**Student:** 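To start, I am sharing the structure in question, which I have written as structure tokens.
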Amino acid sequence: MAKKESSFKNMVIALFVISAVASTTLGFVYEFTKEPIAQARLSKKLNAIKMVVPPFDNDPNADMYTLPVDGGEALEAYPAKMGEELVGVAIRTYTMNGFSGLVRLMVGLSPSGDITGISVLEHKETPGLGTHMSDEWFIAQFISKNPGKNNIAVKKDGGEVDAITAATISSRAFTDAVQRAYNAYKNSADAESGATVIKQDTTQLSKGGNYE
Amino acid sequence: MSNITTFTKGLLKENPVFVLLLGMCPTLGVTTTAFNGLGMGLATTFVLVMSNLVISLIKGGIPDKVRIPSFVVVIASFVTVVELAMQAYLPSLFESLGLFIPLIVVNCLVLGRAEAFASKNKALSSVVDGLGMGIGFSLALTILGAARELLGSGLMFGLKIFDNSFGMLVFVLAPGAFFVLGYLILIVNRINK
């Protein structure tokens with residue numbers, strides 16, 4: 001086939017045909033992968049919920065409700081029930097204070113507010129430093145503590161948590177996200193019983209940097 | 001040039017990473033572990049082979065002045081296919097490669113092969129060229145990732161080789177990528193001489 005001449009008509013036709021074929025193909029691929037992608041996301045979320053709350057037999061995803069946060073994105077709360085009894089709530093929380101911004105956690109709270117488990121969902125921390133926030137020993141420090149009674153700040157800030165070596169900022173961000181989950185949960189629980197708010201935190205979720 | 005030499009030149013003599021020094025951004029960025037390097041290499045190989053094939057088939061219908069935008073549209077389409085498929089079937093790998101997958105579009109290796117080879121050669125040899133270059137790229141990224149993973153955290157493909165305390169953190173961080181790449185280029189140049 002001889003090369004097409006670079007006339008205006010030829011260029012328009014060539015680009016039009018290529019773009020049309022490309023976008024049709026992509027449309028089909030998108031339709032085809034839509035279901036598996038949603039499935040993969042859902043199973044990841046359910047796994048995280050299972051890790052942080054006691055065994056349950058309901059569908060937390062169907063019972064999801066949101067907890068409002070002052071000046072930020074509302075948190076998603078997934079109640080875990082055994083029969084009719086509430087055994088815990090998994091709260092999808094975040095902080096923007098990570099070394100590279102956004103850190104997302106799934107925090108499990110018992111109905112009274114004790115931490116039952118934490119799982120790291122998403123972060124961009126430095127490999128080998130901040131990534132240790134997923135380590136068992138670090139997360140174990142939080143288990144069965146109650147952020148209302150215990151001070152879950154890092155030791156440098158007068159709290160009870162050993163920070164990760166050389167990753168104090170990531171450790172602080174982690175505690176900030178946990179505290180946020182607890183505050184949001186407590187606020188909504190108190191709103192029902194009419195008590196006052198304990199502690200506010202000020203971090204906000206900006207629009208950028210969230211690839212989801 | 002026969003198809004065999006077209007294929008083998010990508011492995012060592014014209015290795016895209018060690019000799020041509022193309023596609024440095026993902027090379028240095030994702031190779032913190034051997035598995036990441038391999039995943040990135042295979043994703044790029046798929047894009048290279050498919051875009052080389054399509055471009056060599058449609059090259060006759062594309063006027064010269066709009067060839068680059070046309071190539072980029074073809075490449076971007078295949079990258080999107082890889083991105084969607086990886087999200088659907090390999091979500092954990094997609095998470096660790098993250099932003100680097102969409103960035104395959106601007107990997108100069110892919111556009112470089114389209115422009116330098118596929119737009120001048122027949123379909124079969126273009127596919128072979130893409131395959132050779134892609135495998136060379138994957139090999140380079142896997143070796144680089146394995147070296148950094150081993151030196152940085154004492155692991156290999158996630159398996160424990162040395163004790164935790166062995167790890168030298170610098171190899172996991174950005175400077176380590178340059179150190180390891182430098183020495184690997186030295187070795188490959190030595191072999192090629």
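Chain identifiers are assigned alphabetically (A, B, ...) following the order of the sequence lines, protein sequences preceding nucleic acid strands; residue numbering begins at 1 within each chain. Every value quoted in this text rests on a predicted model; they were computed, and no experiment measured them.
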**Student:** Calculate, to the nearest 0.5 Å, the distance between atoms CG and CZ belonging to A/L15 and B/R67 respectively.
**Tutor:** 13.0 Å
**Student:** Can you establish whether the number of heavy atoms outside A/Y65 located under 6.0 Å from its atom OH is more than 12?
**Tutor:** yes
**Student:** For chain B, which candidate among A/I37, A/N10, A/V29 shows the most heavy-atom pairs at distances under 4.5 Å?
**Tutor:** A/I37
**Student:** Would you indicate whether B/I4, at its atom CD1, is surrounded by more than 12 heavy atoms from other residues, nucleotides or ligands within a distance under 6.0 Å?
**Tutor:** no
**Student:** When heavy-atom pairs shorter than 4.5 Å are enumerated against chain A, which of B/T80, B/L84, B/T33, B/V73 gives the highest number?
**Tutor:** B/L84
**Student:** Let me know if A/T25 has heavy atoms under 4.5 Å from chain B in its side chain, its backbone, both or neither.
**Tutor:** neither
**Student:** I need the single residue from B/V72, B/V66, B/I62, B/V54 that forms a side chain to side chain contact (heavy atoms under 4.5 Å, CB included) with A/I18. Which is it?
**Tutor:** B/I62
**Student:** Can you confirm whether more than 12 heavy atoms, excluding those of B/Y89, are under 6.0 Å from its OH atom?
**Tutor:** yes
**Student:** Grab the two heavy atoms, one from A/P36 and one from B/A88, that are nearest each other, plus how far apart they are.
**Tutor:** CB-CB, 3.6 Å
**Student:** With only heavy atoms counted, which part of A/K44 is less than 4.5 Å from chain B, the side chain, the backbone, both or neither?
**Tutor:** side chain
**Student:** With a cut-off of 6.0 Å (strictly less than), are more than 12 heavy atoms of other residues, nucleotides or ligands near CZ of B/F100?
**Tutor:** yes
**Student:** Tell me, yes or no, whether the heavy-atom count around B/F35 atom CZ, taken from other residues, nucleotides or ligands under 6.0 Å, exceeds 12.
**Tutor:** no
**Student:** Can you name the nearest heavy-atom pair linking B/S77 to A/A22, along with the distance?
**Tutor:** OG-CB, 3.2 Å
**Student:** Sort B/F78 into side chain, backbone, both or neither according to what part of it lies under 4.5 angstrom from a heavy atom of chain A.
**Tutor:** neither
